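Residue indices begin at 1 and follow the sequence shown. Please read these numbers as outputs of a predicted model, since none were measured by experiment.
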Amino acid sequence: MLWCVGSRPVQIQYLVVFSTILLGVGCGSSEPTSNNPAVPRLVSLVIVTDSAELLVGDTLVVYAEFVDDKGQRLRASRPSWSCTNPSVALVTPAGELQALAEGRAVLKAAAGGFEDEAPVVVGPDLIVGFQVTPDTTRLPVGEVATLVAEYVRLSGRTLEAESVSWESESGSVVGIDANGRVTAISPGRGVIRAAADTVTAEAVVYVPGWFQLPRLPEPRRAGHAAAVDGRVFYIGGNFSGSRDYRATTYVFDIASQTWSEGPPMPTARDHGATAVVEDRIHIIGGNCELTVHEVLHTSDMTWTTAAPSPDRLCAQRADTLNGLVYTLGGSRAGSNDTVLVYNPADDSWALKDRIRYRRNVFALGSIDGNFYLAGLSTASWSGSSLLVYDPAREKLHDRPEMLTPRYYVAGVVWRGQLFAIGGTGARDVVKDAVESYDPSRNEWSVHPPLPLPLREVRAVAVGGVIYVLGGAYNDYGSHTEPTDYVFGYVP
């Protein structure tokens, strides 16, 4: 195995030490003579590496080779090893070099009447970090796990810390005692902090279930949500449900659990398509009449305008694949079947394909190069409620029907599964259903329902949490109201 001094991820290493060996030694051959110039002749002992730079505690397996007058090399089977200054480094007869203490020594090899040597330098295995292990844990309510605080050395080896002070920054979610035993109290994302000497480290504990987070600054429905760099964005949307479009940009910082307001979107709208490319949030179309395409650069929180969509659409869905933005379906005086592709590199659009079963307001997610479309366009519409689109092969496949048929459903991918959240079913009854489709098993699973029935919600996944934002609820009549609720879900 090769060993890198900088990152030092491996403790058992191989140093190639070359010593001269007469070709055929140990095999009954004789040394070459002047009467037979074609037979190789041993000329020298060469240690290829100028020095062996180790850290205290390292172990290095060394070996030797013979070099002949033709430049050929052959590994010696039983060289004799020795090392000066044994308090710094020792070498075993089998060639295992052990670094014991800081200092210098000389490694020697002998075979076939030849010798060579190389300096050995042993440096301190300094402490370069501090960590909690494991740094991420999933722990159901009522269960207990033990965390360990460790110093990290330059070699990558760890040393368990003593006199550690433990603290839970989320006491309602997880608790921890003086010995690092953490207990899950209620669903949520808990943060544990360990302190020793002058250093600190954190670990995150995810407790499965639904929990409530700080609310949106204002009620919103049918907005645009995205997650970038530890922040959740909710942009635009509708305030009252009667073309009351908004342009506000709200930003939720996951670490501090607080909302702030960013620069407003240039064009107020709802039901646009949303996709993230690196640190940029693309919002396309909306209001069922717009082609406008605007981009929020989250690094400096500025908006720019990109090439407009070829179609005036709303309620289409978007996702990214291989650096391209795909929009699928949508509504333009009825459901749409187009697949459009935007290339950020040249700021251009192209018609890619057409999907079966026109649809809008569905759940979309990309998994392993395929797009999964879940949901109907209307409660009475017939056709597969789960469609798989392979853009590379331009093929479509039907998959098992959703367990709860619905539209106006939110979609998010979490650990290789498409989650379909909320929506509206028959007779416009708002649903609290939460179901996930796993392509590896080709089946749907039922999850605990939303805390309340919601449609036109938006969902993003960050780490081990699915964030569900805004949406509308109703009293099982025709009137719906936007909400400011924000829920978290740990599957």
Side-chain angles (χ1 to χ4, degrees), residues 131-149 164-195 200-217 219-220 225 227 230-232 234 250-260 410 412-415 417 419-422 430-436 445-454 457-471 473 483-491:
Q131 67 184 19
V132 176
T133 304
D135 61 358
T136 303
T137 304
R138 184 180 182 274
L139 197 63
V141 171
E143 293 195 8
V144 177
T146 299
L147 304 180
V148 178
V164 180
S165 174
W166 294 96
E167 178 186 7
S168 173
E169 295 187 355
S170 313
S172 62
V173 178
V174 291
I176 193 162
D177 65 15
N179 298 315
R181 286 169 53 85
V182 59
T183 302
I185 299 172
S186 64
R189 176 183 181 272
V191 178
I192 298 294
R193 181 183 295 270
T200 61
E202 293 182 350
V204 178
V205 180
Y206 295 105
V207 182
W210 286 98
F211 55 99
Q212 189 166 334
L213 289 160
R215 296 187 177 193
L216 283 164
R220 288 288 187 274
R231 294 175 292 173
V232 176
Y234 191 94
Y250 294 127
V251 185
F252 181 70
D253 181 77
I254 294 173
S256 65
Q257 299 281 285
T258 57
W259 284 98
S260 61
V412 64
V413 173
W414 183 88
R415 297 186 180 179
Q417 300 177 57
F419 278 72
I421 301 171
V430 177
K431 299 289 187 177
D432 60 6
V434 178
E435 298 161 354
S436 67
S445 298
V446 176
H447 293 262
L450 280 162
L452 72 160
L454 290 169
V457 296
R458 296 296 178 255
V460 297
V462 183
V465 178
I466 295 174
Y467 296 83
V468 178
L469 306 100
Y473 68 95
T483 72
D484 58 4
Y485 285 112
V486 179
F487 299 109
Y489 176 56
V490 177

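Under the rule for a salt bridge (Lys or Arg N to Asp or Glu O under 4.0 Å), the partners of Asp484 that lie at least two apart in sequence or sit in another chain are Arg215. Residues forming a side chain to side chain donor-acceptor pair (under 3.5 Å) with Asp432 (at least two apart in sequence, or on another chain): none. Evaluation of the side chain to side chain donor-acceptor pair (under 3.5 Å) rule for Glu169 yields Arg193 as partners, not counting sequence neighbours. Partners of Trp210 according to the ring-ring contact (aromatic ring centres under 6.0 Å, His included) rule, which considers only residues two or more places apart in sequence or in another chain, are Tyr489. Residues passing the ring-ring contact (aromatic ring centres under 6.0 Å, His included) test with Tyr206: none are found, sequence neighbours excluded. Every residue was checked against the side chain to side chain donor-acceptor pair (under 3.5 Å) condition with Ser170, not counting sequence neighbours, and none meets it. Annotation: side chain to side chain donor-acceptor pair (under 3.5 Å) contacts of Arg181 (sequence neighbours excluded): none. Applying the side-chain contact (heavy atoms from CB on, under 4.5 Å) test to Ala203 and every residue at least two apart in sequence or in another chain returns Val132, Leu147. Every residue was checked against the ring-ring contact (aromatic ring centres under 6.0 Å, His included) condition with Phe211, not counting sequence neighbours, and none meets it. Residues satisfying the ring-ring contact (aromatic ring centres under 6.0 Å, His included) test with Trp259, not counting sequence neighbours, are Phe252. Residues satisfying the salt bridge (Lys or Arg N to Asp or Glu O under 4.0 Å) test with Arg415, not counting sequence neighbours, are none.
Residue pairs satisfying the salt bridge (Lys or Arg N to Asp or Glu O under 4.0 Å) criterion with at least one member in residues 133-147, sequence neighbours excluded, are absent.
The minimum heavy-atom distance between Thr200 and Ala195, with the atom names listed, is CG2-CB, 3.9 Å. Between Ala184 and Pro140, the shortest heavy-atom distance links the atoms CB-O, 3.1 Å. Shown here for Asp177 and Asn179, the closest heavy-atom pair between the two residues is OD1-N, 2.9 Å. Of all the heavy atoms in Pro491 and His447, the pair that sits closest is CB-CE1, 4.4 Å.
For the atom pair CG of Leu469 and CG of Leu213, the computed distance is 8.5 Å after rounding to the nearest 0.5 Å. How far CD1 of Ile192 is from CD1 of Ile176: 4.5 Å, rounded to the nearest 0.5 Å. The CG atom of Leu139 sits 7.0 Å away from the OG1 atom of Thr137 when rounded to the nearest 0.5 Å.
Considering only heavy atoms from C-beta on, Val486 comes within 4.5 Å of Leu216 through its side chain. Side-chain contact between Val141 and Pro187: present, with at least one pair of heavy atoms (C-beta onward) separated by less than 4.5 Å. Pro219 places none of its side-chain heavy atoms less than 4.5 Å from the side chain of Thr483.
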**Request:** Run the numbers on Val468 and Leu450 for side-chain contact (heavy atoms from CB on, under 4.5 Å), then give the verdict.
**Result:** CA-CA 9 Å; Val468 178; Leu450 280 162; 4.2 Å; yes
**Candidate pair Arg189 and Val204, rule side-chain contact (heavy atoms from CB on, under 4.5 Å), full reasoning** = CA-CA 7 Å; Arg189 176 183 181 272; Val204 178; 3.8 Å; yes
**Request:** Report the C-alpha separation of Val173 and Ile185 in whole Å, then their side-chain angles, then the decisive distance to 0.1 Å, and conclude whether the side-chain contact (heavy atoms from CB on, under 4.5 Å) test is met.
**Result:** CA-CA 5 Å; Val173 178; Ile185 299 172; 6.0 Å; no
**Message:** I'd like to know whether Val144 forms a side-chain contact (heavy atoms from CB on, under 4.5 Å) with Val182, so could you lay out the CA-CA distance, the side-chain angles of the two residues, the decisive distance to 0.1 Å, and finally the verdict.
**Reply:** CA-CA 6 Å; Val144 177; Val182 59; 6.0 Å; no
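When each of Val434, Ile421, Val413 is tested with Ile466 by the rule side chain to side chain contact (heavy atoms under 4.5 Å, CB included), just one qualifies, namely Ile421. Each of Tyr234, Tyr467, Trp414 was evaluated against Val460; a single residue qualifies, Tyr467, per the side chain to side chain contact (heavy atoms under 4.5 Å, CB included) test.
Heavy-atom contacts from other residues, nucleotides or ligands closer than 6.0 Å to OH of Tyr485 number 12 or fewer.
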